[in-house]
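As structure tokens, the structure follows; a few thoughts come after it.
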There are 4 protein chains.
Amino acid sequence: MAQNSTSTSHDYEEKLQGLLDVAATIFADKGYHHASIRDLSRKAGVSLSGLYYYFSSKEELLYMIQERSLRRIVDSLRDKLEDLDNPEEKLRALVHNHVSFYVSNMAAMRVITQEYDALEGEYRTKIRERRLEYSNLCTEILREVRRFTGGGDVVPLNVATFALFGMMNWIYAWYRPGSNVPTERLAEHLYRLFAGGFTGARRR
Amino acid sequence: MAQNSTSTSHDYEEKLQGLLDVAATIFADKGYHHASIRDLSRKAGVSLSGLYYYFSSKEELLYMIQERSLRRIVDSLRDKLEDLDNPEEKLRALVHNHVSFYVSNMAAMRVITQEYDALEGEYRTKIRERRLEYSNLCTEILREVRRFTGGGDVVPLNVATFALFGMMNWIYAWYRPGSNVPTERLAEHLYRLFAGGFTGARRR
Amino acid sequence: MAQNSTSTSHDYEEKLQGLLDVAATIFADKGYHHASIRDLSRKAGVSLSGLYYYFSSKEELLYMIQERSLRRIVDSLRDKLEDLDNPEEKLRALVHNHVSFYVSNMAAMRVITQEYDALEGEYRTKIRERRLEYSNLCTEILREVRRFTGGGDVVPLNVATFALFGMMNWIYAWYRPGSNVPTERLAEHLYRLFAGGFTGARRR
Amino acid sequence: MAQNSTSTSHDYEEKLQGLLDVAATIFADKGYHHASIRDLSRKAGVSLSGLYYYFSSKEELLYMIQERSLRRIVDSLRDKLEDLDNPEEKLRALVHNHVSFYVSNMAAMRVITQEYDALEGEYRTKIRERRLEYSNLCTEILREVRRFTGGGDVVPLNVATFALFGMMNWIYAWYRPGSNVPTERLAEHLYRLFAGGFTGARRR
DNA sequence: AATGAATGAGGGTTCATTCAT
DNA sequence: CATGAATGAACCCTCATTCAT
């Protein structure tokens with residue numbers, strides 16, 4: 001209950017996350033390569049060298065942004081799936097989870113979507129694994145949906161998976177939160193567009 | 001008819017297009033900001049300063065790549081639409097046109113998709129106009145489709161438009177030509193996924 | 001006799017010497033300027049700032065390493081000289097003392113040999129004095145040898161002195177302890193090479 | 001005979017060599033790691049970035065300095081050896097060649113002597129080979145000398161080789177050209193010191 | 001129509017050192 | 001005694017671009 005330690009790793013974590021947030025914004029705005037550590041230094045009010053106490057390279061910074069957001073989005077999805085049995089509801093949960101997370105973390109999600117190629121070596125490998133984990137989760141749900149609705153397998157599951165992610169990840173290019181389409185509704189639109197095509201694609 | 005001048009604008013045009021192609025590949029690979037004019041000089045076998053005879057800045061290079069490809073894709077679409085009356089066939093033509101062009105010009109299309117923000121000022125304005133022209137074309141077709149199939153207007157047309165482009169533009173992230181899904185079939189898959197959802201979204 | 005204080009200058013001295021040893025190794029390996037205090041912090045298992053309790057600057061660290069080793073080598077030489085009368089034996093003692101100390105303190109000796117120029121101001125002055133003391137000792141012995149063997153003074157004493165130190169200080173560049181030439185023998189080889197030339201140089 | 005080309009690779013070579021000379025001086029003065037490319041830029045009157053037209057990294061600069069001097073000293077030695085048969089004369093030529101080159105190229109030679117460890121990878125390998133070539137040449141001459149003078153093999157040839165180089169390479173630490181010992185005489189002193197010990201070492 | 005040589009601005013990163021705790 | 005957190009200065013290097021030739 002007591003919470004009286006003066007300076008703990010809690011402070012560190014908080015400051016680090018703050019830096020990651022600012023960095024995500026900058027990376028989203030100018031692109032990873034065009035963004036400079038000096039930009040971050042300026043916006044975060046931390047000296048250039050002081051930043052390196054929190055990460056050891058610009059690339060690690062990029063990695064941390066991607067890793068943390070991917071983990072959060074997948075964790076939050078798994079949470080929601082636990083309470084659901086109906087495959088279509090699961091798919092619906094996935095879309096709503098993704099879209100809602102995307103909109104509230106536009107910067108980080110855009111970085112994930114656009115700056116994967118900027119990672120190299122081990123960083124890239126680890127992020128690839130996390131992405132794969134996520135898309136596999138999606139593919140499995142789609143498999144259940146198809147089994148459940150009895151649709152023909154006209155469209156390969158992986159094509160469908162990527163089509164869905166394409167629809168959702170393109171959001172950054174046009175959608176602005178606070179527009180006349182609320183996020184909830186946007187998610188529902190995308191869900192219906194995709195699900196309608198996916199389950200209905202059998203007849204033809 | 002005469003073609004006897006030793007060095008004509010034909011040569012110039014050919015060489016320029018060659019440079020644009022190489023540049024598109026590099027920009028697609030490394031991203032606009034990370035790519036360097038030196039990379040282009042090396043890959044194209046032209047001296048660094050020699051390049052500046054063909055374009056006046058790196059940004060103009062980026063602009064030309066985007067402008068030319070956008071023009072070609074829209075022109076080719078308009079061509080195909082002329083012969084069609086059925087709205088669903090028009091939508092189908094749009095998807096096939098986009099996907100087929102995308103796959104055979106992966107580099108340039110990726111640059112269009114990902115490096116729009118790298119443009120500034122007048123360049124950006126002009127490309128925005130071309131993009132708008134293209135997406136308006138799409139929205140109009142969707143409007144016709146909806147009128148034709150009599151679907152309810154659950155999903156706003158602009159949302160649908162962007163969803164469709166999202167699906168198609170995500171191709172670069174996963175599809176490799178020569179895979180076991182031929183381009184033709186890929187286009188058909190995407191068309192059915194989208195059209196099924198878009199026209200079927202009324203019932204629910 | 002009493003040794004009951006919990007933390008004495010003995011502890012301090014011991015820890016300091018440990019740090020100097022580690023530092024000497026690092027300086028020898030990477031060179032003074034290329035080595036970083038962070039390297040020392042890592043290798044010594046002491047925090048970066050914690051190091052500054054033991055020395056006040058990187059340069060002082062370098063100074064202490066050189067000063068202590070120079071003092072030890074000269075002290076040990078003086079000790080040995082006390083028991084000797086024969087000039088040639090004195091020269092032999094000098095060579096053996098130097099070589100044996102050099103090999104067992106390769107790191108520090110290499111630092112002395114190579115990083116004198118890195119010192120500035122007072123530090124440099126003090127080390128210069130110690131070096132001078134040592135080389136004067138050598139020159140004096142050579143003078144005695146020459147008087148004793150009656151050789152002509154073809155080779156100036158200072159040239160001979162530096163030639164001798166050159167031979168001995170180059171050891172770091174090629175000799176590895178544990179090779180098939182034991183240190184004792186190495187010293188004897190160098191002694192004979194030099195003494196033979198120095199005392200024999202008269203005839204010609 | 002005509003030599004009227006306006007701007008040729010001759011200019012380039014000349015400028016490069018000039019830069020290498022200035023760089024060698026700086027490296028000799030401050031040490032490779034402590035010296036900065038900015039120092040070179042300043043002293044050479046060339047912009048920082050302009051330097052990179054002539055070399056691609058600080059390390060390549062170091063490599064070129066070492067490589068060129070090593071080649072020159074070995075080439076010049078081979079030249080002189082061609083006219084000689086007597087082994088002792090060959091040894092004498094080696095010492096005179098080394099010392100005279102050393103003194104007239106003090107900076108570069110000091111860099112070779114002191115900054116070998118700063119090289120890494122391929123650069124290091126190549127310089128090691130050149131050094132080996134040189135020291136092998138020396139060892140072979142010593143072998144001939146021993147055979148010729150019939151001395152016992154008390155001192156291993158490699159020990160003798162390194163002792164000789166040690167004597168000669170220590171020059172930078174004390175000798176100043178223009179002192180009261182002319183270079184010619186210095187070389188002769190060192191030759192006699194070494195040769196006397198090496199050939200005389202048999203008697204004992 | 002093309003190039004070699006050069007530049008200023010800015011990039012990411014490391015460094016020795018400090019200071020409150 | 002020892003540390004975590006921070007900093008200013010300096011580092012090497014790359015960049016898009018220019019200009020005389």
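Just so we're clear, the structure is a prediction, and the values are computed from it rather than from any experiment. We use all heavy atoms of the structure for the numbers below, so side chains are in, but hydrogens, waters and symmetry mates are not. We name chains A, B, ... by the order of the sequence lines, and we start the count at 1 in each one.
Using a 4.0 Å cutoff on non-hydrogen atoms, the parts of residues 13-36 of chain B near DNA chain F are B:Ala35, B:Ser36, ordered by number.
Cation-pi geometry between C:Lys58 and C:Tyr32 is satisfied (NZ or CZ under 6.0 Å from the ring centre, within 45° of the ring normal). Figure legend: D:Arg131 and D:Tyr116 shown as a cation-pi pair, the cationic atom lying under 6.0 angstrom from the six-membered ring centre and within 45 degrees of its axis.
Comparing D:Arg38 and B:Leu48, the nucleotide of DNA chain E nearest to each residue sits closer to the 5' end for B:Leu48. Ranked by how close their nearest DNA chain E nucleotide is to the 5' end, B:Tyr52 and A:Lys58 are led by B:Tyr52.
Here F:dT14 presents its P atom at 13 Å from CG of D:Leu51, a figure rounded to the nearest Å. When the P atom of F:dT17 is taken as reference, atom OH of B:Tyr53 falls 19 Å away, rounded to whole Å.
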Which atom pairs, donor and acceptor, lie under 3.5 Å between side-chain atoms of residues 21-29 of chain C and protein residues at least two apart or in another chain?
from, atom 1, to, atom 2, distance (Å)
C:Asp21, OD1, C:Gln17, NE2, 3.0
C:Thr25, OG1, C:Asp21, O, 3.0

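Neither OP1 nor OP2 of F:dC1 sits under 4.0 Å from any side-chain N or O of C:Tyr12. Side-chain nitrogen and oxygen atoms of B:Ser49 include none within less than 4.0 Å of the OP1 or OP2 phosphate oxygen of E:dT3.
Side-chain rings of A:His34 and B:His33 approach one another, their centers coming within less than 6.0 Å.
Of the charged side-chain nitrogens involved, at least one lies within less than 4.0 Å of a carboxylate oxygen, so that A:Glu67 and A:Arg130 count as a salt-bridged pair. Under the 4.0 Å criterion applied to side-chain N and carboxylate O atoms, B:Lys126 and B:Glu60 are not assigned as salt-bridge partners. Between D:Arg124 and D:Asp117 a salt bridge is recorded (basic side-chain N to carboxylate O distance below 4.0 Å). We find that B:Glu13 and B:Arg68 are joined by a salt bridge, their nearest charged nitrogen and carboxylate oxygen being less than 4.0 Å apart.
In this structure, C:Tyr53 and C:Tyr12 have perpendicular ring planes: the angle between them is above 60°, well past the 30° mark.
Consecutive pairing runs in DNA chain E reach the stem threshold at E:2-21 with F:2-21, where a stem means at least three Watson-Crick or G-U wobble pairs with distances under 3.5 Å.
Side-chain atoms of D:Ile37 lie closest to F:dC12 of the nucleotides F:dA2, F:dC12, E:dT7.
Heavy atoms of B:Tyr54 sit under 4.0 angstrom from primed sugar atoms or phosphate atoms, though from no base atom.
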